[in-house]
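These notes are about the structure you will find just below.
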Amino acid sequence: MIRYSLKKLALLAITFLGLSIVAFSLIRMVPGDPVLMMLGERGASPESYAEMKATLGLDQPYIKQFGLFIWHAVHGDLGNSIVSNQSVVREFFDRFPATLELSVVALLFAMMVGLPLGIIAAIKRNTFFDYAFMGVSLVGYSMPIFWWGLILILVASVNVFDLPFFGWTPVSGRISPMFEIDSVTGFLFIDVWFSKDSWAAFWDALKHVLLPAIAMGTIPLAVIARMTRSSLLEVLGEDYIRTAKAKGLSTRRVIMVHALRNAMIPIVTVIGLSFGMVIKGAILTETIFSWPGIGRWLVNSVTSLDYPVIQGGVLLIGMAIVVVNLIVDLAYLWIDPKLRDAHDRSK
């Protein structure tokens with residue numbers, strides 16, 4: 001187990017280099033000049049332009065700029081934002097809890113709905129429930145996040161159709177201005193318990209996160225549901241499942257104890273990959289719902305051509321996704337003893 005973990009960690013160095021190249025290169029393909037964005041076309045005299053370009057290090061050759069970026073990144077320094085002059089690492093971690101909190105809620109929503117839908121569809125194969133659930137999951141997978149988010153706002157928040165039990169979810173933000181929450185951990189669902197109106201603040205924060213979490217979690221929900229169905233159907237055809245049924249075990253025990261655990265490897269893979277999916281969806285979702293996370297931060301940085309923020313933010317997000325995938329790989333060995341035994345024999 002330790003040797004396997006060390007091999008996976010060794011791959012992080014190669015992944016880090018690849019992410020660095022992508023993060024550093026892509027922003028420089030975007031049309032525009034960050035120096036002109038800062039100085040303005042009227043205030044950009046040749047002297048001030050050359051001075052600002054030298055200050056930002058953009059007058060150096062591309063290879064030297066990249067080498068300096070890698071050197072500083074290895075030492076934990078991703079530079080300062082061109083716009084705010086604040087540390088990129090500090091700005092990232094100031095906003096990352098909001099994005100992580102939203103992503104976790106979205107992923108929990110996807111699992112809590114997707115897993116039962118997939119299990120029921122597999123048990124009720126080729127019935128109305130199967131066709132209905134898989135049809136809904138296909139529609140959910142096909143909907144663009146920006147369109148789905150706007151529909152949720154119109155129906156659930158604005159309540160344009162004047163439906164009962166709608167219109168109580170806020171449109172934007174993390175919590176109402178009436179609550180004064182001190183940022184202790186950065187995670188709002190934890191920090192609200194340090195406030196005087198903890199239950200009211202918690203309920204208000206839950207209402208704020210509901211719609212963006214549904215918008216972000218719908219596509220992972222569809223993927224998890226379909227993978228759960230296909231993986232469970234494959235396992236239900238195995239001989240040991242028929243043996244368990246012949247012994248008189250209840251259907252619930254056969255499904256939940258014998259079948260589902262053996263079907264979990266591809267499902268866990270999809271759930272792990274879904275973390276990257278929800279992080280990617282955070283860019284659009286946070287913009288639509290004015291959520292103060294890294295997605296909205298990156299969008300604003302692209303419009304202002306803030307090179308350090310974009311290349312640093314993309315690198316940190318990529319590394320976070322890689323770490324989650326590493327955790328998923330290690331979870332395989334815990335879920336499936338056969339993989340653990342095979343790995344031990346290969347030593």
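Computed over heavy atoms, backbone and side chain alike; hydrogens, waters and symmetry mates excluded.
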Please check if atom [atom1] in [X] has more than 12 non-hydrogen atoms from other residues, nucleotides or ligands closer than 6.0 Å.
| X | atom1 | answer |
| --- | --- | --- |
| Tyr62 | OH | yes |
| Trp199 | CH2 | no |
| Asp182 | CG | no |

For the residue pair [X] and [Y], what are the closest heavy atoms and their distance?
| X | Y | result |
| --- | --- | --- |
| Gly313 | Val88 | N-CG1, 4.5 Å |
| Phe92 | Ile317 | CE1-CG1, 3.9 Å |
| Ile175 | Leu188 | CB-CD2, 3.9 Å |
| Ile82 | Leu305 | CD1-O, 4.1 Å |

Q.
What I'd like to find out is whether the side chain of Gln311 reaches to under 4.5 Å of the side chain of Leu315, using heavy atoms alone.
A. no

Q.
Within the structure provided, determine whether Leu233 and Arg125 are in side-chain contact (heavy-atom separation under 4.5 Å).
A. yes

Q) Which of parallel (below 30°), tilted (30 to 60°) and perpendicular (above 60°) describes Phe202 and Phe189? A) perpendicular

(Q) Ring-plane angle category for Phe133 and Phe129, please: parallel below 30°, perpendicular beyond 60°, tilted otherwise. (A) tilted

Q: Sequence neighbours left out, what passes side chain to side chain donor-acceptor pair (under 3.5 Å) with Ser231? Give chain and number order.
A: none

